[in-house]
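Heads up: the structure comes next, in structure tokens.
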Amino acid sequence: MNYQAKLPTPFGMLGICCEADTLTDIDFLESDATPQSPSQAFAREVCRQLQAYFIDPNFHFNLSLKLNGTVHQTKVWQAISAIPPGKTRNYGDLATLLASSPRAVGQACGANPIPIVIPCHRVVSKSGIGGFIHQRAGNALDIKRWLLAYEKQSNQRKNL
């Protein structure tokens, strides 16, 4: 994949893909990936906003997104975007809201091309953490746990 930036984060490297002035993909890269400075102004803005999120998880992203998904996926991604930082919803609740099934919601979450900006990590199963980026184990779930703990801790500090 041709990245316009590779951004180091507290849990690893993110690959940023843009087309002109729209964000198309954020990928979780291998831990040994080399950082890459933004190659264009919009990629620099994406990195700036992601860094702002890592300072304050309540930061509100304001980026132009290019989402190539089905009608159902787009509805799920919109519903996910309404979940506030530090909160979670489960697949079943979103399925009821969208007149869908939990499995279809989970598939749409896994197909999310822009994680963190579209916070699919905030969707969990009734019995646990669920999956993340089409994975149910390993580093992907470590990232999901980190994001959820980061948002929850930050909101707890804010409420003190």
Side-chain angles (χ1 to χ4, degrees), residues 1-69 73-74 76-91 94 106 108-125 128-160:
M1 175 119 2
N2 187 22
Y3 296 105
Q4 282 64 56
K6 293 181 185 173
L7 180 69
T9 70
F11 52 76
M13 193 72 63
L14 294 178
I16 311 297
C17 291
C18 306
E19 288 180 8
D21 287 344
T22 59
L23 177 60
T24 60
D25 291 279
I26 294 177
D27 294 330
F28 297 95
L29 304 179
E30 296 297 322
S31 58
D32 61 350
T34 303
Q36 174 186 323
S37 295
S39 61
Q40 53 160 276
F42 186 74
R44 193 168 21 265
E45 178 60 15
V46 171
C47 290
R48 185 195 70 74
Q49 290 194 30
L50 283 164
Q51 289 166 330
Y53 166 81
F54 289 116
I55 293 168
D56 177 7
N58 293 299
F59 175 80
H60 178 72
F61 290 99
N62 184 17
L63 297 166
S64 176
L65 309 177
K66 181 178 180 183
L67 300 170
N68 292 320
Q73 287 171 332
T74 302
V76 171
W77 298 336
Q78 288 171 342
I80 292 168
S81 295
I83 304 169
K87 304 288 183 191
T88 59
R89 300 278 307 263
N90 68 52
Y91 299 103
L94 285 176
C109 288
N112 173 15
I114 307 174
I116 301 174
V117 175
I118 298 174
C120 54
H121 60 276
R122 296 179 191 153
V123 183
V124 297
S125 76
I129 195 165
F132 189 54
I133 59 174
H134 282 312
Q135 297 180 29
R136 295 189 161 282
N139 191 48
L141 290 189
D142 292 340
I143 293 169
K144 183 173 182 171
R145 284 185 193 95
W146 187 94
L147 290 165
L148 291 170
Y150 164 67
E151 292 180 354
K152 186 174 182 180
Q153 289 170 351
S154 182
N155 282 336
Q156 286 173 340
R157 281 192 304 265
K158 195 171 82 172
N159 292 331
L160 292 179

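Just so you know, residue 1 is the first one in the sequence shown, and it goes up from there.
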Item to check | Residues forming a ring-ring contact (aromatic ring centres under 6.0 Å, His included) with Phe132, sequence neighbours excluded | outcome: Phe28
Next on the checklist: Suppose we screen for side-chain contact (heavy atoms from CB on, under 4.5 Å). Which residues come up paired with Gln73, at least two apart in sequence or across chains?
Outcome noted: Thr70, Trp77, Ala108, Ala111
Item to check | Steps toward side chain to side chain contact (heavy atoms under 4.5 Å, CB included) verdict (Ile114, Leu23) | outcome: CA-CA 8 Å; Ile114 307 174; Leu23 177 60; 3.5 Å; yes
Next on the checklist: Just so I know, are the side chains of Pro119 and Ser81 near enough to count as touching, which here means a heavy-atom distance under 4.5 Å?
Outcome noted: yes
Checklist outcome for this item: Output for pair (Ile133 CD1, His121 NE2), nearest 0.5 Å, gives 12.5 Å
Checklist entry - Would Leu50 and Ile116 count as a side chain to side chain contact (heavy atoms under 4.5 Å, CB included) if you check the C-alpha gap in whole Å, the side-chain angles of each, and the deciding distance to 0.1 Å? => result CA-CA 8 Å; Leu50 283 164; Ile116 301 174; 4.0 Å; yes
Checklist entry - Any salt bridge between Arg122 and Glu151, counting N to O under 4.0 Å? => result yes
Checklist entry - With no hydrogens and no angle check, is any side-chain donor or acceptor of Asn112 less than 3.5 Å from a backbone partner on Ile118? => result yes
Next on the checklist: So, using salt bridge (Lys or Arg N to Asp or Glu O under 4.0 Å) as the criterion, who are the partners of Arg44 when residues are at least two apart?
Outcome noted: none
Checklist entry - Does the side chain to side chain contact (heavy atoms under 4.5 Å, CB included) test come out yes or no for Val117 and Val46, once each step is laid out? => result CA-CA 10 Å; Val117 175; Val46 171; 5.9 Å; no
Item to check | For the student: nearest non-hydrogen atoms of Leu67 and Pro113, plus distance | outcome: CD2-CG, 3.8 Å
Checklist outcome for this item: To the nearest 0.5 Å, atom CG of Asp56 lies from atom CD of Gln51 at 14.0 Å
Item to check | Under the salt bridge (Lys or Arg N to Asp or Glu O under 4.0 Å) test, residues paired with Arg145 that sit two or more places apart | outcome: Asp142
Checklist outcome for this item: Value for CD (Gln36) from SG (Cys47), rounded to nearest 0.5 Å, stands at 9.0 Å
Next on the checklist: Quick one, Thr88 with Val123, criterion side chain to side chain contact (heavy atoms under 4.5 Å, CB included). Give me CA distance, side-chain angles, the key distance, then yes/no.
Outcome noted: CA-CA 6 Å; Thr88 59; Val123 183; over 6 Å; no
Next on the checklist: For residues 108-121, which residue pairs pass the salt bridge (charged side-chain N to carboxylate O under 4.0 Å, His left out) check, not counting sequence neighbours?
Outcome noted: none
Item to check | Contact summary for Cys120 and Ile80, nearest pair of heavy atoms | outcome: N-CG2, 3.6 Å
Checklist outcome for this item: Closest non-hydrogen contact found for Asn90 with Ser125 is CB-C, 4.0 Å
Next on the checklist: Which heavy atom of Asn62 sits nearest to which heavy atom of Gln49, and what is that distance?
Outcome noted: N-OE1, 2.8 Å
Checklist entry - By ring-ring contact (aromatic ring centres under 6.0 Å, His included), which residues pair with Tyr53, not counting sequence neighbours? => result Phe61, Tyr150
Tell me which donor-acceptor pairs under 3.5 Å the side chains of residues 3-21 have, and how far apart each pair is, sequence neighbours excluded?
from	atom 1	to	atom 2	distance (Å)
Tyr3	OH	Asp27	OD2	2.8
Gln4	OE1	Cys18	N	2.7
Thr9	OG1	Phe11	N	3.4
Thr9	OG1	Gly12	N	3.2
Thr9	OG1	Gly12	O	2.5
Glu19	OE1	Lys66	NZ	2.7

